[in-house]
Undergrad: 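Would you mind keeping the following structure in view while I ask a few things?
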Amino acid sequence: MLKHQLAAVVHSLKNRLDFPSKRLALALGGVILAGTTAVTGVVGTALASSAEQTPVRHSPVEEAQPESGPLAFGLDVSNHEPLYDWAASSAQFGIIKATEGTTFRDRSFARHWEELDKKQIVRGAYHYGHPSNDPIAEAEHFLSVVNSQPAKHGDLLVLDLETTDGRSVAEVNAWAKAWLSHVKAKTGVTPMFYSGWNFADTYGKGLAEYPLWVAHYSKPKGQLAPPADWKSWTIHQYTDVPVDENVSALTPDELRDLGRPAA
C-alpha cells in the first residue's frame with residue numbers, strides 16, 4: 001500500500017495496473033514493481049514486499065455480491081501511518097499490521113492496538129506473508145507479537161498474502177493453508193485471508209473456509225463478485241486514498257464474531 005519514497009511512481013502507474021496490491025515493493029536495488037501485469041485497475045500501497053506478476057483472470061459471471069444492508073466502514077494502517085488519529089476517525093473497524101516474514105515487527109503496532117482499544121471499535125492484526133519462508137515459523141512470529149499485547153473478544157487475525165516469492169501456484173496455496181490452519185489451531189480463531197482479487201482468484205483455491213478480505217480498486221465499494229472458491233466476501237478494500245479504506249458486508253458485531261472468543 002508507494003505512499004512513501006516511491007509515491008510519485010505509484011500514482012503514475014495506478015491507472016495501468018490490474019492487481020491492487022496493498023503492499024507494493026519498496027524494492028532494494030531500485031527494482032520497482034517488477035513483473036506487475038499492466039492492465040486496467042489500480043494499485044495499492046507498499047509495505048516492503050515484492051509485487052508479483054499475476055495472471056489476469058476475471059470471474060466468468062461479473063455479478064456483484066448482493067448487499068444485505070448498510071456497509072460498515074473501516075480502515076487499515078501500518079507504520080506508514082504511525083500517528084493516525086483513531087479518535088477522530090469515523091471507522092467502525094480498524095486492522096493494523098503486526099508482522100512480516102519471520103523477523104519484522106511493525107513499530108507502530110502497539111500504539112495502534114492501544115488506540116483502537118480506547119476507541120472501542122472492532123480491531124484486527126495482520127501478517128504479511130512470504131512463501132519463501134516456512135509458514136509455521138511465520139505464523140509463530142505473528143502470534144508472538146500479537147499475543148504480547150492485551151487481547152479482547154472480537155480481535156481479528158489476518159493473513160495478508162500477495163507475493164509468490166517465485167513459488168508455484170500449488171506451493172503458494174499450500175503455504176497459505178499451512179499458515180492459516182496453524183493460527184486457527186493455536187488460537188481457536190479462523191483467520192481472515194487478504195489479497196488482491198486476481199491473486200486470490202489464482203492462488204486461493206480451497207481457502208473458502210477463511211473469511212475473505214479482498215482488494216479491488218476499480219469496483220465501486222461493496223460491488224464485486226468474490227474470486228476463486230469464495231461464495232461471498234467479508235471486507236472489500238476499495239481505495240488507498242488518503243489511506244486504505246474498506247467496507248464490510250457484516251455489521252461490527254458480526255465481525256467481532258469472527259475474532260477471538262469471549263474469555
Undergrad: Taking the six-membered ring for Trp, is the centroid-to-centroid distance between F199 and W197 below 6.0 Å?
TA: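 No - the distance between ring centres of F199 and W197 does not fall below the 6.0 Å cut-off.
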Undergrad: Examine distances only and state if a side-chain atom of H112 and a backbone atom of E81 form a donor-acceptor pair shorter than 3.5 Å.
TA: yes
Undergrad: Under 3.5 Å, side chain of D165 to main-chain N/O of R167, donor-acceptor pair present?
TA: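 No, D165 side chain to R167 backbone: no donor-acceptor pair under 3.5 Å.
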Undergrad: Can you list the steps and then say if H182 with E138 is a side-chain contact (heavy atoms from CB on, under 4.5 Å)?
TA: CA-CA 10 Å; H182 185 77; E138 288 210 5; over 6 Å; no
Undergrad: Between A98 and A125, what is the shortest heavy-atom contact and its length?
TA: CB-CB, 4.3 Å
Undergrad: Within a strict 4.5 Å, meaning less than it, do heavy atoms of the T234 and V214 side chains meet?
TA: no
Undergrad: Between K152 and D155, does any side-chain N to carboxylate O distance fall below 4.0 Å?
TA: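 Salt bridge flag = no for D155 with K152.
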Undergrad: Using every non-hydrogen atom in the two residues, find where N173 and K205 come nearest and quote the distance to one decimal.
TA: ND2-O, 2.6 Å
Undergrad: Going through the distances and angles, do Y84 and S89 end up as a side chain to side chain donor-acceptor pair (under 3.5 Å)?
TA: CA-CA 9 Å; Y84 182 78; S89 174; 3.1 Å; yes
Undergrad: Do I96 and W86 come close enough that some side-chain heavy atom pair is under 4.5 Å?
TA: yes
Undergrad: Looking at every non-hydrogen atom in both residues, tell me the closest pair between G74 and A91 and how far apart they are.
TA: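 Between these two residues, the closest heavy atoms are CA-CB, 4.2 Å.
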Undergrad: Mind checking whether V247 and Y238 have side chains closer than 4.5 Å, heavy atoms only?
TA: yes
Undergrad: Below 30° counts as parallel, above 60° as perpendicular, anything between as tilted: where do the rings of W179 and F142 land?
TA: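 Rings of W179 and F142: tilted, 30 to 60°.
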Undergrad: If we ignore hydrogens and angles and just use 3.5 Å, is the side chain of S195 paired with the main-chain N or O of L161 as donor and acceptor?
TA: yes
Undergrad: I'd like to know whether the aromatic ring centres of F193 and W230 sit less than 6.0 Å apart in this structure.
TA: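 F193 vs W230: aromatic centres under 6.0 Å.
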Undergrad: Under the 6.0 Å and 45° cation-pi test, does R123 pair with W113?
TA: yes
Undergrad: Run the salt-bridge test on E100 and K97 with the 4.0 Å N-O cut-off and return the result as yes or no.
TA: yes
Undergrad: Do S232 and L212 touch side chain to side chain, with heavy atoms closer than 4.5 Å?
TA: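 SC-SC contact between S232 and L212 ruled out.
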Undergrad: Do H130 and W175 have ring centres separated by under 6.0 Å?
TA: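 No, they do not, as the ring centres are separated by 6.0 Å or more.
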Undergrad: Salt-bridged, E114 to K119, with N to O below 4.0 Å?
TA: no
Undergrad: Using the rule given for side chain to side chain donor-acceptor pair (under 3.5 Å), can you reason through D253 versus T251, listing the C-alpha separation, both sets of side-chain angles and the distance that settles it, and then say yes or no?
TA: CA-CA 5 Å; D253 285 342; T251 67; 5.4 Å; no
Undergrad: What are the two closest non-hydrogen atoms of L156 and L255, and how far apart are they?
TA: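 The pair with the smallest heavy-atom distance is CD2-O, 3.3 Å.
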Undergrad: L224 versus W233: any side-chain heavy-atom pair under 4.5 Å?
TA: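 Yes. Closest side-chain heavy atoms under 4.5 Å.
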Undergrad: Would you indicate whether the side-chain heavy atoms of Q92 and I121 approach each other to under 4.5 Å?
TA: no
Undergrad: Using the rule given for side-chain contact (heavy atoms from CB on, under 4.5 Å), can you reason through F73 versus F93, listing the C-alpha separation, both sets of side-chain angles and the distance that settles it, and then say yes or no?
TA: CA-CA 7 Å; F73 173 67; F93 63 92; 5.7 Å; no
Undergrad: Using side-chain heavy atoms (C-beta onward) and a distance below 4.5 Å, is D76 in contact with W213?
TA: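 Contact flag for D76/W213 side chains = yes.
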